[in-house]
Amino acid sequence: MDPILFIQVTVNGLCIGLILALVALGLSLTFGKLKIINLSHLLFYALGAYIVYTSSMLWNNFLYGILIGFLVCFTLGALSEIALRRLYGKSIEYTLICTQGLLFIGTDFIKRIWGLDFKAVVPPSELRIIIPFLEMEFYRIFVALVCLISFLTMTLFFKKTMWGKIIVAFIDNDEHLQAIGINPNIATLMIFAIGSALAALGGGLHAPISAPYPYMAMEMTGYTFATIVVGGLGSIMGTIVGGIVLGLAYAYSGFIQPYLSPIVVFVTMFIILVLRPEGLLGSRT
Amino acid sequence: MAINEKVLSNYMNYIDVFIILLFLIFIAPLIIPRFLLMNILAWSMLAYAFSLMYGFLGYLSLGELAFFAIGSYIMFLPLDPIINLILAIIAGFLFAILVGPIIVRKGGAYYALTNLSLSVVIYYLVLYFLKDYTGGFEGRRVILRGVIDFTLRDNVFIAIVIIFTLIFLFYKILSNSTFATMLKAIRENEIRMQFLGYNTLRIKLLAYSIHGGMASLGGACLVLSQAYASATTYTPIFNSEIVVASMLGGVQSLYGPLIGTFVYIWTKHILGAVYGLGWEVIVGAMLVIIVVATKEQGICGLIERLLKPYIHVLMSR
């Protein structure tokens, strides 16, 4: 393969994979620790993309949209935790059905507000410059950089701040956290809020690459599940690794034949599930 | 086969199968359009296959449409439709035996997601790589004319009702058998079953392959009813609809999948016709309310719970 083409495909794959990891992070934490499948989490991904579309239509500004989407979904995610709190401890199928219902309702609202058709989002002109030699848009590299920076921020947040430490402690051992005297509801609230905000960020960054449409949340479901299963449930680092692995698989196979890429993604997941059922970086219990 | 003789000799237990057959042939076409009824019956076969694995064994699958697609596209073979129907069962059964030893090793998310990946692979094969045979996105028509002329709507209707009744009878016999008890025992405690000397993998594999046969027969019936199949029917997103439809009726009960599919597809069609694009909010709200209100038992579970005191009185007379 031509080396320039190879770099292009690799950057594409990294970009898609990191977006997948951003969207899947909240799902991974809720599925791995709280034992609920929260399909309504994918709604925040769609919402983020549509908010970016709206802002680029109204104010002709892309970055405001990402910022507004982040803040709105942070709030809505915290609210959704309060609504979904009663699902803790129920069987996993029960949570699947309930959140599937919520996903239906949310998709319907999106259809009512923004309509049925595909929307085109244009990235800002300063990000659309073509890099010489590589002959690709700077936007893709920008996406990869923003994703990496947000993951770095998350890691620092988990390591250095009190709130982050509470979440890590909750993931590690929630009963112990309660014994110290911290309300675990704070941790679950933060997990939902941060996860939703990151999903909105991922959706917003994904919007110019793939046109937003009402069923994008449902379409993303399979891929995010693949990501969290490949990486390992409840592991933050695992989600990133899983996303990158699947994104690269997606990009390389899509280069050969577009329809091959979903097959390769899910076959990769199948093989990893068979060989390591707990995921690449999941803990063997 | 002492157990089977005991089961079959007590024919009064099977009076409800006969009532369902009569109801489907004579009364149901008066209530709902016949094309919709045939659709519902085909999908409810898939729902029965799903609840064979989920209701008895507790293995929730997110990839039932893989088998549905296999059964559907077997109907495109240039043979007699009746032979194709039998081939569909065999193909689903054999495919399940082929992939089963890997898939049924574990339950939970492992089983759900390996099935999902199976469904995705088959969907894209059907959509693109076998496009000459399947017709891909646009789909293909098929003329079903053999010993029985399935181009006549009456023949198709009677055939689908009979196939559905047979599947229902099979499911009912299965749910009273020792096999179902073994599956329930595996659901409760698999290691204990192994200690008792059962090869649990083989039992699960048999259940999985029976479910594959049932599901692909359902797919064949869908093609039989429409004489047409398009790859959009097997989109992996729709896998959750099977789960939803079965859970709506109640996977634990005998009539649950039928009633659940009926309610789900019927509401979807009616609301889609009345409100246009607003059907999802109502279906979603209905789903949440029913599942929360009936505590996972579905509509049938709720009815059974309400009727329990009265049934007890009837039984004691």
Side-chain angles (χ1 to χ4, degrees), chain A residues 31-32 35 37 39-40 83 86-87 90-112 115-116 214-215 217-223 225-226 228-230 233 257-274 277-279, chain B residues 54 58-60 62-63 99 101-103 105-125 127-129 131 136 235-241 243-244 246-248 251 275-292 295-296 298:
Chain A
F31 189 19
K35 297 288 175 229
I37 296 182
L39 289 179
S40 52
R86 62 201 67 214
L87 290 179
K90 297 276 167 58
S91 76
I92 217 152
E93 294 83 21
Y94 185 73
T95 66
L96 178 74
I97 304 291
C98 285
T99 51
Q100 171 86 28
L102 292 180
L103 184 62
F104 269 147
I105 296 171
T107 308
D108 192 82
F109 276 110
I110 285 176
K111 279 203 290 193
R112 271 160 200 268
L116 282 166
Y215 291 102
M218 295 194 189
E219 177 144 15
M220 202 66 175
T221 317
Y223 291 111
F225 269 112
I228 63 177
V229 166
V230 165
L233 287 181
Q257 161 59 252
Y259 283 106
L260 201 64
S261 44
I263 294 185
V264 168
V265 166
F266 281 91
V267 167
T268 312
M269 180 186 86
F270 190 95
I271 293 167
I272 287 174
L273 261 180
V274 169
E278 69 282 349
Chain B
Y54 182 51
Y59 279 26
L60 181 129
L62 288 175
V99 294
I102 302 170
I103 287 181
R105 279 198 316 184
K106 278 196 193 119
Y110 177 86
Y111 179 77
L113 291 169
T114 43
N115 265 308
L116 175 67
S117 56
L118 208 64
S119 166
V120 171
V121 169
I122 289 198
Y123 169 66
Y124 282 99
L125 282 181
L127 181 67
Y128 187 77
F129 292 96
K131 203 176 175 190
T235 312
I237 302 167
F238 296 146
N239 278 312
S240 52
E241 291 198 335
V243 184
V244 163
S246 313
M247 293 286 278
L248 209 58
V251 276
Y275 293 107
L277 56 119
W279 63 271
E280 273 158 337
V281 64
I282 297 170
V283 167
M286 191 176 77
L287 193 65
V288 172
I289 289 167
I290 285 179
V291 170
V292 171
K295 298 191 181 68
E296 283 185 74

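Since the structure is predicted, the reported quantities are computational estimates derived from the model, not experimental observations. In the text below, chain A, chain B and the rest are named by the order of the sequence lines, each starting its count at 1.
- Both the backbone and the side chain of A:Met218 come within less than 4.5 Å of a heavy atom of chain B.
- Rounded to the nearest 0.5 angstrom, B:Ser117 OG and A:Ile271 CD1 are separated by 9.5 Å.
- Ring pair B:Tyr128/A:Tyr259 is parallel by interplanar angle, where below 30° counts as parallel and above 60° as perpendicular.
- For B:Leu127, the part sitting under 4.5 Å from any heavy atom of chain A is the side chain, from C-beta outward, and nothing else.
- For the pair A:Val274/B:Tyr110, a side-chain contact is recorded, criterion being any heavy-atom separation below 4.5 Å from C-beta on.
- Ranked by heavy-atom pairs under 4.5 Å with chain B, the first of A:Leu96, A:Leu39, A:Ile37, A:Leu260 is A:Leu260.
- With a 4.5 angstrom heavy-atom cutoff, B:Tyr123 does not touch chain A via any of its atoms.
- For B:Val243, the parts lying near chain A are the backbone and the side chain together; criterion is any non-hydrogen pair under 4.5 Å.
- For the set A:Gly106, A:Ala226, A:Gly222, A:Pro262, the entry with the most heavy-atom pairs within less than 4.5 Å of chain B is A:Pro262.
- Neither the backbone nor the side chain of B:Ile122 comes within less than 4.5 Å of any heavy atom in chain A.
- Among the candidates A:Ile263, A:Val264, A:Val265, the single residue satisfying the side chain to side chain contact (heavy atoms under 4.5 Å, CB included) test with B:Val121 is A:Ile263.
- A:Phe270 pairs in a side chain to side chain contact (heavy atoms under 4.5 Å, CB included) with only one of the listed residues (B:Asn115, B:Val99, B:Thr114, B:Leu113), which is B:Thr114.
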